[in-house]
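Reading through the structure tokens given below for one structure.
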There are 2 protein chains.
Amino acid sequence: MPKLNLQPLSGMPEWSPAANVTFAAWKRTLADVYTRHGFVPLETAAIERDEILAAKVGPATQKQIYRVIHGSTSQSLRFDLTVPLARYVAAHQSELTFPYRRALIDRSWRGERAQAGRFREFYQADADVIGRGSLDHTYDAQILAVAADALRALQLGRFQIQISHRGLLMGFLHSLHLLDEAAVIQLLDDAPKIGLSKLKSELQLLRLDTFEIRHLLQFANVTGDLATFSQAMLRLDIADQDFEAALQELAELDANLRALGLHPDEYQFNSGIIRGLDYYTGVVFETILTDHPQIGAICSGGRYDNLVSGFVSEKMPGVGCSIGLTRLFSQALALGLIAPSRASVADVVVLPLTDQHDRVAQLATQLRAAGAAVDVYWQPAALKKQLRYADATGAPWALLVGDDELAADRYTLKNMISGEQTSATVAQIAALVQTRE
Amino acid sequence: MPKLNLQPLSGMPEWSPAANVTFAAWKRTLADVYTRHGFVPLETAAIERDEILAAKVGPATQKQIYRVIHGSTSQSLRFDLTVPLARYVAAHQSELTFPYRRALIDRSWRGERAQAGRFREFYQADADVIGRGSLDHTYDAQILAVAADALRALQLGRFQIQISHRGLLMGFLHSLHLLDEAAVIQLLDDAPKIGLSKLKSELQLLRLDTFEIRHLLQFANVTGDLATFSQAMLRLDIADQDFEAALQELAELDANLRALGLHPDEYQFNSGIIRGLDYYTGVVFETILTDHPQIGAICSGGRYDNLVSGFVSEKMPGVGCSIGLTRLFSQALALGLIAPSRASVADVVVLPLTDQHDRVAQLATQLRAAGAAVDVYWQPAALKKQLRYADATGAPWALLVGDDELAADRYTLKNMISGEQTSATVAQIAALVQTRE
């Protein structure tokens, strides 16, 4: 037999059993938050026609796509959850009630350069609202409130949502009368990576003069609460309709965010939030963990008025948020932000000290019927080895079942943390061991 | 803009919004059953190295594999959940506690010929136990009990697990001293598809004489409870150690299944269950819906003593079950076995009849904090249109919020089924609308 490579492929996530337990709990927690906000689960297949993906992909992502070969159809793995949503909405318009709200916690694939904390297969937890014809801006606030609730539920400490508006950026750039707006947007988005002096020299290459560059940097470096931010933006003295409308929208957003329960510390306005050349048209945001900014953006999104319209003639504006779940989970693990889980989901491990397997099976069935999660160690082994198994799984309780216990229908329940033992009936055990909601 | 094909790829599942709600509920129900039996969630990436898949794939499946192109690694989408599990267990032995129990509800891909009820992307709900060195046969019964619990939880009516043992088949075939056992196994597995006369002629081509064919058909057509089945098997008069050991194991299995709460109607023994040329070595089973046998096998599995051993030198026997979830769901939908769901997950839809969006947002936040799943219709619209929205989503309650209601802090709650309206406080509403556990 040739020696096989048993390691996962480069950039593919593969966690320990205990981490898998936590990751499954994360997914459920987030699904619950999305449900509480009225977002409806919706799945589509992982593979899409290339013509669909190509219609919505930028050149950088194009190179990262995983092509899939089977039969003659030109097809690939999706690179995000939003483009398949746009296709679904376009294809199933008549079945949907608008505004349509959908939540999805699922995988996508991008062949990014492999490096720590970057994954080629990754989960995102998305919530989106799509309207037909129009979509009230209160939904923008709603999406930010969902994102905030989701991040609170993960209990990773303080976070801050950084908010800007595409209209501010575009209005400002219009006022400069630039030749190549797209190049400037790209540079601003790359600014945190390339640094200030490189940014300046690149802007000079794009023919911006010293005054314009200073003005641009002034624009792109404003942060603060609504009052501070608005005042700084107004001081830029931009006479542009988009710019003014954007400021007005942000003021409304601020009021709605407060009403939706966001704490002033949980968000701020930040004109440096660009979101690349993406499909955003209005409010845009990124989120950082306040005490761990080095992780980068953990939840991003914004308003996209034209994404679905590429697939249909009708106007279908949308707004959404996306938590980069795999990346966030991996970083949170590495930083110790996640309390170590146990590798067991059982409330109790039953240890048979008898050959009457059918009687032990009956007991386990009774406990399950009473709602307990029950593991049974069926291997023939001495008590010591059985206890070692129970301890290694991390289950909080072990139940010792010998012939005497079966005869008396009372069993020895051992607290695996304190080591304490008590004798108890099935009903007592079921009540004692259940710690889950 | 060229006209794009917005339909999903052939063989890819894509459900209505309401069906998606049910499918998400199915996945959660099954995850809960697996947890109650102490099975621990574990995920691996969808893409595996071709060398891993090739080590465990039969020639028929080999042709169905979706190759994935990115970079230079030879890689494909997995065709089941068991081979990646075997690789994981082999690679992570030192981190695992054995017997290792894992549950996974996830996708695989096979390029099968597209036809109704066959999917190229499909979910399976798997539960497996893998031992190191040995694995007590009580785990075989445990797996069948999990499968039965899972199928009961889906509430699709009566089901029956059809059980056989690879040792019976192999023992019987040894007694015939055949040249090509594999070809005969394949034919028996195909028997339901090709029919009796074709089966006979093919067996003749394999040089079986009339007596042997009659004997073989006699063997492969025994069904019944343990007593009936065992007697029929003993009448075949096979002097073979594997054959006798298999009968002994089935007797033990029967006792354990009863103890684990399986009803006599929920399973029977059936020597016609072959499970192809798969990796099974002991107990094998398939499950049918008793009242809808045309759906075919909905949950299958068995004992595999050598699957992991292909990857490591150690003996690592396992046993598992797999529900073909996407296929079962699609057939159950088509047959009307699933009660029509609503396309909403909200307990209540809030309808704002006021411009005070911030006050309405506050109210929604209060209701969510009290545990209700709340949708808000933020579009500016008259009451009639708003009620149409609430009705279309299928939410059971609507909450009418005007300026007067906000001033009095009492709101009009409308039962969307009966049409009845009551005036209620936030606390009363939260208590009334919550129907979920």
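All values below come from the heavy atoms of this structure, side chains included, with hydrogens, waters and symmetry mates left out. Order of the sequence lines fixes the chain letters, A, B, ..., with proteins taken first and strands second; residue numbering starts at 1 for each chain.
- Only the side chain of A:Leu77 comes within less than 4.5 Å of a heavy atom of chain B; its backbone N, CA, C and O stay farther away.
- The OG1 atom of B:Thr44 sits 10.5 Å away from the CG atom of A:Leu9 when rounded to the nearest 0.5 Å.
- Pairing each heavy atom of A:Tyr377 with each of B:Phe98, the nearest pair is CE1-O, 4.2 Å.
- Heavy-atom distances place the backbone of B:Phe39, and not its side chain, under 4.5 Å from chain A.
- At least one donor-acceptor pair under 3.5 Å links the side chain of B:Glu121 to the backbone N or O of A:Ala46.
- Of all the heavy atoms in B:Tyr389 and A:Thr97, the pair that sits closest is CD1-CG2, 3.5 Å.
- Taking chain A as the reference chain and counting heavy-atom pairs below 4.5 Å, the highest number among B:Trp15, B:Trp378, B:Tyr88 is found for B:Trp378.
- Inter-residue side-chain proximity for A:His357 and B:Asn256 is flagged as met; some heavy-atom pair is nearer than 4.5 Å.
- Taking both residues in full, the closest heavy atoms of A:Ser344 and B:Val40 are given as CA-CG2, 4.0 Å, listed atom of the first, atom of the second, then distance.
- Most heavy-atom pairs under 4.5 Å with chain A, from the set B:Gly38, B:Ala24, B:Ser76, B:Ala19: that is B:Gly38.
- The aromatic rings of B:Tyr66 and A:His70 lie tilted to each other, with the angle between the two planes from 30° to 60°.
- Residue B:Arg368 holds its CZ atom at 11.5 Å from OG1 of A:Thr35, rounded to the nearest 0.5 Å.
- Interface residue B:Leu135: backbone and side-chain heavy atoms are both found under 4.5 Å from chain A.
- Here B:Arg36 does not pair with A:Asp347 in a salt bridge; the nearest charged N to carboxylate O distance is not below 4.0 Å.
- Looking at A:Thr393, the atoms closer than 4.5 Å to chain B (heavy atoms on both sides) sit in the backbone and in the side chain alike.
- When heavy atoms are compared at a cutoff of 4.5 Å, B:Phe23 approaches chain A solely by way of its side chain, counted from C-beta outward.
- Between chain B and the options A:Asp358, A:Val68, A:Leu260, heavy-atom pairs under 4.5 Å are most frequent for A:Leu260.
- Proximity to chain B (any heavy atom under 4.5 Å) is shown, for A:Asp254, by neither the backbone nor the side chain.
- Rounding to the nearest 0.5 Å places OG1 of A:Thr365 at 9.0 Å from CG of B:Leu262.
- Remark: B:Arg87 CZ to A:Leu6 CG distance equals 7.5 Å, nearest 0.5 Å.
- Ranked by heavy-atom pairs under 4.5 Å with chain B, the first of A:Pro41, A:Ala145, A:Ala31, A:Pro380 is A:Pro41.
- Contacts between B:Tyr123 and chain A at a heavy-atom distance below 4.5 Å involve the side chain alone, from C-beta outward.
- Under a 4.0 Å N-O distance rule, the pair A:Glu51/B:Lys3 does not qualify as a salt bridge.
- Side-chain N/O atoms of A:Glu14 and B:His92 include a donor and acceptor closer than 3.5 Å.
- Neither the backbone nor the side chain of B:Asp391 comes within less than 4.5 Å of any heavy atom in chain A.
- For B:Gln379 (side chain) and A:Asp136 (main-chain N/O), a donor-acceptor pair under 3.5 Å exists by modelled atom type.
- Of the residues considered (A:Gly131, A:Ser10, A:Ser134, A:Ala18), A:Ser134 shows the highest number of contacts with chain B, using heavy-atom pairs under 4.5 Å.
- For B:Trp109, the part lying under 4.5 angstrom from a heavy atom of chain A is the side chain only.
- Expressed to the nearest 0.5 Å, how far CG of A:Asn20 lies from CG of B:Leu42 amounts to 4.0 Å.
- The backbone N or O of A:Asp375 sits nowhere less than 3.5 Å from a side-chain atom of B:Arg101 that would complete a donor-acceptor pair.
- Among the candidates A:Pro13, A:Ala90, A:Pro99, the residue making the largest number of heavy-atom pairs closer than 4.5 Å to chain B is A:Pro99.
- Residues A:Ile47 and B:Met12 come closest through the heavy atom pair CD1-CE, 3.8 Å.
- Of the listed residues (B:Gln75, B:Arg258, B:Gln142, B:Glu95), the one with the most heavy-atom contacts under 4.5 Å to chain A is B:Gln142.
- Judged by distance alone, with hydrogens and angles left aside, the side-chain atoms of B:Arg49 form a donor-acceptor pair with the main-chain N or O of A:Pro8 at under 3.5 Å.
- Contact count versus chain A (heavy atoms, under 4.5 Å) is highest, among B:Arg28, B:Arg107, B:Glu252, for B:Arg28.
- For the pair A:Ala55 and B:Leu4, the tightest heavy-atom approach, listed with the atom from each and the gap, is CB-CD1, 4.1 Å.
- The two residues B:Leu96 and A:Pro17 come nearest to each other via the heavy atoms CD2-CG, 3.2 Å.
- Comparing B:Ile52, B:Val376, B:Val21 by heavy-atom pairs within less than 4.5 Å of chain A, the highest count is held by B:Val376.
- Most heavy-atom pairs under 4.5 Å with chain A: of the set B:Ala259, B:Ala392, B:Ala255, this distinction falls to B:Ala259.
- The most heavy-atom pairs under 4.5 Å with chain B, out of A:Ala91, A:Ala395, A:Ala346, A:Ala141, come from A:Ala91.
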